[in-house]
Protein chains: 2
Amino acid sequence: MSGQGWETIRAEVMRRIRVRDWPPGALIPNEAALATEFGCARATMSRALRDLAQAGVLERRRRAGTRVALLPVRPATFQIGITRTEVEALGHVHAHRLLVQSRDRTPPPDVASHFGGIGGLLYLETLHLADDSPWLHEVRWLNAGLLPDPAPDFGAVSVNEWLVTHLAYTSGEIAFSAAPASAHEAAVLGVASGAALFVVERATVLAAVPVTLARLAHAPGYRMQTVL
Amino acid sequence: MSGQGWETIRAEVMRRIRVRDWPPGALIPNEAALATEFGCARATMSRALRDLAQAGVLERRRRAGTRVALLPVRPATFQIGITRTEVEALGHVHAHRLLVQSRDRTPPPDVASHFGGIGGLLYLETLHLADDSPWLHEVRWLNAGLLPDPAPDFGAVSVNEWLVTHLAYTSGEIAFSAAPASAHEAAVLGVASGAALFVVERATVLAAVPVTLARLAHAPGYRMQTVL
DNA sequence: AAGTGGTCTAGACCACGCA
DNA sequence: GCGTGGTCTAGACCACTTC
């Protein structure tokens, strides 16, 4: 072997799997045996195997040992940041316009259920621009009880960014889908009604308290990409 | 603290961040100091902090120390498996039809460039069904040189599944987007032309050898979801 | 130059889950 | 039971990068 370290060991294990030295479904030697063979500590061997298990290449179970996955399920990871930095990373100038901000709007049933009947919901609609072209239309419901007393000016800092900087470290769900542009979305984004939009839906919670529910509709051409 | 172990330590660090004991941007004590405070070995402390760094909550740099991230960038992970198991996991019956299989089709320029001028490309078109309804239309270019001599029967086992079981452990790229259904896609999926489709594009490589290029167009209603 | 995180070691105990 | 992976410890050396 060329280098030292757990990544080198991982690469060698991966090689044996690729050349079918250890075919799919096979039971591979246990950590202790492999550590002896590779001349490393068991902790180092464990680190390499754990990493491959997380990558979906190995399946590990106590007592049953470690097997090469029959149908590898690979994790694809996307970095979810704030819209401004995402736009800027693509080399564009970011701007945003607060289209609607209202405390009086009645939430539809699915929104109400996420907030579990909590009152005081703030409705916000924001348009994000990249180089002055419509980029993303954001519709968001927000638990107003979590806002500081002089409420932030969401015309200056976008809700998106304010939430990440002030109510970070939430948990929740995220979903991607494709949807036809509604008449309103079409008008705001400057596209034809029914155009295919890439939609991101987020529901976030902070320690069991519902925080926000958002629908982000991207202008056509948007791609979410990652290496596998 | 209630339990023992690095996950308990991680939770406590997370708590301090959430209550702004350690506000965004703050430098937190180094591993050795925290290990002493928590009464654990430095390796255990390191494991907890490393995990939070991977989650985008902390930023660690040698010599500069560990800081609470100012604009946390959270990784969202999706499990990419084979279409059959994905459909079955949703409680549907999976089936597939091989629509086209041809060795004579001329690849468009973008496809040719991915394969770097390699000859012998196989073109495949497959329709996946869930409970007999169109689910996914798959267009795929495949490096035919990687196939065994009696070529597999892609009418029996879908290309998708054959590749994962026989040419697994590839690297490559994956991208999600929304696109209007072409006339052909619309006909095959049984939807209106121009309908918003969720499209997954994959380009895979096995040890620098191009393997396949695929475009998977999902029928309307498809959602890709994960917990954050 | 010096302090930080990154990694490795050798050994130990434990939790799980098959027999 | 008992073998497996999961974790922890105490100590050490190293790589990086900022000072």
Side-chain angles (χ1 to χ4, degrees), chain A residues 1-14 16-17 21-70 72-73 75 77, chain B residues 1-14 16-17 21-70 72-73 75 77:
Chain A
M1 252 181 293
S2 56
Q4 286 279 336
W6 68 273
E7 292 185 279
T8 306
I9 292 174
R10 180 185 59 183
E12 168 60 15
V13 171
M14 196 67 203
R16 294 186 187 185
I17 293 170
D21 202 349
W22 292 333
L27 191 64
I28 77 173
N30 68 32
E31 286 188 347
L34 286 173
T36 304
E37 184 200 329
F38 283 103
C40 67
R42 187 166 80 93
T44 304
M45 199 66 226
S46 187
R47 177 93 189 254
L49 296 179
R50 187 197 318 146
D51 195 76
L52 286 173
Q54 195 176 6
V57 170
L58 295 177
E59 289 172 358
R60 319 191 73 193
R61 279 182 1 250
R62 285 170 152 115
R63 167 82 189 184
T66 300
R67 290 182 180 278
V68 180
L70 271 175
V73 175
T77 302
Chain B
M1 253 179 294
S2 58
Q4 286 280 337
W6 68 272
E7 293 186 277
T8 307
I9 293 175
R10 181 186 57 185
E12 167 61 13
V13 171
M14 196 67 202
R16 295 188 187 184
I17 293 170
D21 202 350
W22 292 333
L27 191 65
I28 75 173
N30 68 33
E31 285 188 350
L34 287 172
T36 303
E37 183 198 331
F38 283 103
C40 67
R42 187 167 80 94
T44 305
M45 200 65 227
S46 186
R47 178 91 189 256
L49 297 179
R50 188 196 318 147
D51 195 75
L52 286 173
Q54 196 174 4
V57 171
L58 294 177
E59 289 172 357
R60 319 191 72 194
R61 275 176 13 245
R62 284 171 154 116
R63 169 81 191 184
T66 300
R67 290 180 181 279
V68 180
L70 272 175
V73 176
T77 301

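Numbered from 1 within each chain, the chains take letters A, B, ... in sequence-line order. Quantities reported herein were computed from a predicted structural model and do not represent experimental measurements.
Phosphate proximity of C/dT4 to B/T66: absent, as no side-chain N or O sits under 4.0 Å from OP1 or OP2. Phosphate contact (OP1/OP2 of C/dT9, side-chain N/O of A/T44, threshold under 4.0 Å): present.
Of the inter-residue distances, the one linking A/L58 atom CG with A/T66 atom OG1 reads 6.5 Å to the nearest 0.5 angstrom. For the atom pair CD of A/E12 and CE of A/M14, the computed distance is 12.0 Å after rounding to the nearest 0.5 Å. Going from atom CZ of B/R60 over to atom CG of B/L52 covers 9.0 Å, rounded to the nearest 0.5 Å.
To the nearest angstrom, C1' of D/dT7 lies 16 Å from CE of B/M45. Between A/R47 atom CZ and D/dT7 atom C1' the separation is 14 Å, expressed in whole Å. Rounded to a whole Å, the CG atom of A/L34 is 14 Å from the P atom of C/dT9. Distance, B/E59 CD to C/dT4 P: 18 Å, rounded to whole Å. Note: CZ (A/R67) to C1' (D/dG5) measures 14 Å, nearest angstrom. When rounded to the nearest whole Å, the span between CD1 of A/I28 and P of D/dG5 equals 8 Å. The nearest whole Å value for the distance from the CG atom in B/L49 to the P atom in C/dT7 is 13 Å. Rounded to a whole Å, the CD atom of B/E7 is 7 Å from the P atom of D/dT7.
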B/S/- contact track for nucleotides 10-19 of chain D, protein heavy atom under 4.0 Å: --B--BBBBS
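Remark: B/P23 engages B/A26 in a side-chain contact (heavy atoms from CB on, under 4.5 Å) (not counting sequence neighbours).
Of all non-hydrogen atoms in B/G56 and B/A69, the two that sit nearest each other are O-CB, 3.4 Å.
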Distance-only check: which donor-acceptor pairs under 3.5 Å involve side-chain atoms of residues 32-50 of chain A, not counting sequence neighbours?
unit_1	atom_1	unit_2	atom_2	d
A/T36	OG1	A/A32	O	3.0
A/E37	OE2	A/R16	NH1	3.2
A/E37	OE2	A/R16	NH2	2.5
A/R42	NH1	A/E31	OE1	2.5
A/S46	OG	A/E31	OE2	3.0

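Formation of a donor-acceptor pair under 3.5 Å by the B/R67 side chain with backbone atoms of B/G25 is found in this model.
Annotation: of the two residues near DNA chain C, B/R60 and A/G39, the 5′-most nearest-nucleotide partner is B/R60.
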